[in-house]
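Reminder, nothing fancy here: chain letters follow the sequence lines and each chain counts from 1.
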There are 2 protein chains.
Amino acid sequence: MKTGSNPRSERKQREYEARREEILSAAEGLFSQNGFFKTSMAEIAEAAQFAMGTLYKFFKNKEDIYISLVESKVEEMLHQLEQAVRRAKSADERIREVIRVKLAFADQNRDFFRIYVSEWSGFEWTVKSAFGDGVWKRYLAQIDLVANLIKDGIKSGEFQNVNPKDTSLALHGMLNSTIYVWILKAGPKESLVDKGEWLGNLFLGGLGTKG
Amino acid sequence: MKTGSNPRSERKQREYEARREEILSAAEGLFSQNGFFKTSMAEIAEAAQFAMGTLYKFFKNKEDIYISLVESKVEEMLHQLEQAVRRAKSADERIREVIRVKLAFADQNRDFFRIYVSEWSGFEWTVKSAFGDGVWKRYLAQIDLVANLIKDGIKSGEFQNVNPKDTSLALHGMLNSTIYVWILKAGPKESLVDKGEWLGNLFLGGLGTKG
DNA sequence: CTAAAATATGAATATCCATTCTACAAGATG
DNA sequence: CATCTTGTAGAATGGATATTCATATTTTAG
């Protein structure tokens, strides 16, 4: 009949979660460095200090580890973007806020972002199976978030009359390429976040001098 | 002593090249659809209508096929970009020309571009081995080409005083994301090349209304 | 037409690795 | 303390597939 008392099972639960996180964290570094296909379960097990068999008590399979990893982080990033949009008042400022938050998030989550960027353009059709649902949906949610923001800016006259979705996509492309190369070079000197302002200027004001 | 006569060996050479191209072309479709790791030599052989062993007469291994494929196309794209830059006169027009050419190339080489985009952000560290040399170098050459173009534009006063390399990178990111999503959706109605003009406007003039 | 050289073949090999399974340990329970 | 439950271990299994190699076919040339 079960003890039924919460405290005990709660601790179990917590410990289970903690171990799960440890595995994810170990896997994150490996996937980031070597990609999905060149990371073996044996390596993950070793890095997480568990036996291979144990991993399967926490995750259905290798893909499940990968997906859990990406999903939770993408979710987190989406949350942060939503909050950022909320706190800014003008359309212009909202765009700048999005840029800032994304750069900061990348700065804070380098390993993840390396996975993420290659995910958004490539793995989608490589690890496909379960992806359409979780990650891709949240990715589109990000694009939509910014697209709506642009739509509002157009209505208010702050922005030119463009296709909001295409423009949002362009912005994300700009950011991703900037972030990705920054991660690759990884010079400890250059600050990624500092690039936020000129990226905002470029996107909002353009490269040309004549208005 | 050899016949020494050229004509004969020339034909051989041509036929060899032709078969090589056939293999590359077959591989292109498969890699594009399923990615490097989920494409087997058996599949390539079948698609190219050769036996597996024969493939190894033309290429050292699977990776060699992949690399040859990407390298030759990237080279081609680079050439086209160089020409495009040459034929335009103003800095502004040169940027627009680059955008046009890249979009047209993507339009014409959908399969390749799908590989390319995932290559530029992801496979680089996954299929790594021989890449640093060929593909990556040519990719950077593209970035540099545009960076120089921007530098000139700054000198002539046409462009604002930005970091040319970062800005070039941002442009390429914009284009890649636009192209990539277009390929995924693949609606036969929307023209990719038609997006060139507003992408040029956006990049040069910015999203905002106030100069 | 026939022998030698060059090509093409695809079954056999060897390696790699995700996943499973049986045995062992630690901790809870009465 | 004995038993039962839960968690951990890592060797064994099975499947996949890149690459090789002995054989067969085609082409060349005398």
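- For A/F50, taking side-chain heavy atoms from C-beta onward, the closest of the listed nucleotides C/dT19, D/dA18, D/dT8 is D/dT8.
- At whole-Å resolution of the value, OH in A/Y66 and C1' in C/dA18 are 17 Å apart.
- Residues meeting the salt bridge (charged side-chain N to carboxylate O under 4.0 Å, His left out) test with A/E75, sequence neighbours left out: A/R138.
- Minimum atom distance to the side chain of A/S40 is reached by C/dC17, of the listed C/dT19, C/dC17, D/dA9.
- Residue A/R19 places no side-chain N or O under 4.0 Å from the OP1 or OP2 atom of D/dG7.
- Rounded to an integer number of Å, the gap from B/F37 CZ to D/dT17 P is 13 Å.
- At a cut-off of 3.5 Å, with distance as the only test, no side-chain donor of B/K195 or A/N163 sits close to an acceptor on the other residue.
- Between B/Y56 atom OH and C/dT9 atom C1' the separation is 14 Å, expressed in whole Å.
- Residue B/N34 contributes atom CG, which lies 11 Å from atom P of D/dT17 at whole-angstrom precision.
- The NZ-C1' distance, from B/K62 to D/dA16, rounds to 11 Å in whole Å.
- Within the structure, every side-chain polar atom (N or O) of A/K57 is placed at least 4.0 Å from both OP1 and OP2 of D/dG7.
- The side chain of B/F58 lies closest to C/dA8 when the candidates are C/dA8, C/dT19, D/dT8.
- What separates CZ of A/R20 from P of D/dG7 is a distance of 15 Å, to the nearest Å.
- Between A/Y16 and A/F58, the ring centre distance stays below 6.0 Å.
- Because its NZ or CZ atom is not both nearer than 6.0 Å to the ring centre of B/Y116 and within 45° of the ring axis, B/K73 does not count as a cation-pi partner of that residue.
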>> What verdict does the side chain to side chain contact (heavy atoms under 4.5 Å, CB included) test give for B/L81 and B/E97, after you've listed the backbone C-alpha separation in whole Å, the side-chain angles of each residue and the deciding distance to 0.1 Å?
In response: CA-CA 8 Å; B/L81 286 175; B/E97 213 33 50; over 6 Å; no

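- Between A/T54 and D/dA9, a side-chain N or O to OP1/OP2 separation shorter than 4.0 Å is present.
- Rounded to whole Å, the distance from CE on A/M41 to P on C/dA18 is 7 Å.
- For A/A51, taking side-chain heavy atoms from C-beta onward, the closest of the listed nucleotides D/dA12, C/dA8, D/dA9 is D/dA9.
- Summarising the geometry, the separation between CE on B/M52 and C1' on D/dT20 is reported as 10 Å, rounded to the nearest angstrom.
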